[in-house]
Amino acid sequence: QSGIIVLIQDATGSRTLSLGTDYETAGGAGLTISTAANAYDIIPYFVKSATLVTLVELLVVQEIEEFLQLVFGLNILVKLLQMIKVNQML
């Protein structure tokens with residue numbers, strides 16, 4: 001399983017994120033999320049096991065339009081990869 005986690009700061013900003021023991025990041029560096037008001041952060045992830053989720057590099061998005069383009073682009077990429085897999089199986 002895999003997906004994305006979207007963090008959206010409220011109008012005040014300065015919110016933080018703490019990771020539980022079931023989460024790991026590349027190199028064990030942790031995540032530093034955006035703290036600006038109304039900021040968007042996108043965290044791709046994949047599930048390694050029932051007790052371990054790997055968080056991939058944080059994507060910082062400044063505007064909602066950029067966020068929608070990124071998500072829309074990711075959906076197209078996933079659909080293309082699925083189509084390629086199906087075609088390879090035929």
Side-chain angles (χ1 to χ4, degrees):
Q1 293 179 340
S2 62
I4 60 170
I5 299 168
V6 179
L7 303 175
I8 305 171
Q9 288 281 359
D10 61 15
T12 303
S14 300
R15 310 298 181 204
T16 60
L17 174 71
S18 298
L19 299 178
T21 57
D22 290 349
Y23 296 89
E24 70 177 8
T25 58
L31 292 176
T32 302
I33 65 169
S34 300
T35 56
N38 302 309
Y40 293 80
D41 291 324
I42 301 173
I43 307 168
Y45 72 88
F46 64 94
V47 178
K48 284 179 127 176
S49 71
T51 60
L52 187 58
V53 176
T54 299
L55 304 175
V56 187
E57 182 179 345
L58 182 73
L59 305 170
V60 178
V61 179
Q62 300 300 320
E63 301 290 336
I64 188 65
E65 292 84 5
E66 185 181 356
F67 166 74
L68 293 173
Q69 288 173 353
L70 179 62
V71 170
F72 183 68
L74 288 175
N75 285 338
I76 288 175
L77 178 60
V78 168
K79 289 185 185 303
L80 286 173
L81 290 173
Q82 288 171 342
M83 289 172 54
I84 290 169
K85 277 185 173 181
V86 168
N87 287 335
Q88 288 176 345
M89 295 170 69
L90 296 177

Heavy-atom nearest pair, A39 first then S34, reads CB-CB, 3.6 Å

Excluding sequence neighbours, so at least two apart, what forms side-chain contact (heavy atoms from CB on, under 4.5 Å) with T51? D22, S49

Hits for side-chain contact (heavy atoms from CB on, under 4.5 Å) against L17, two or more places apart or cross-chain, chain-then-number order -> L7, L19, L31, I33, I43

Heavy-atom neighbours of Y45 OH exceed 12 at 6.0 Å: yes

How would you list, by chain and number, every residue that makes a side-chain contact (heavy atoms from CB on, under 4.5 Å) with F46, sequence neighbours excluded? S2, K48, T54, V56

Hey, does the side chain of E24 reach the backbone of L52 with a donor-acceptor pair shorter than 3.5 angstrom? no

Closer than 3.5 angstrom, by distance alone: can the side chain of T25 be matched with the main-chain N or O of G30 as a donor-acceptor pair? yes

Quick check for you: to the nearest 0.5 Å, what is the distance between I4 atom CD1 and L55 atom CG? 13.0 Å

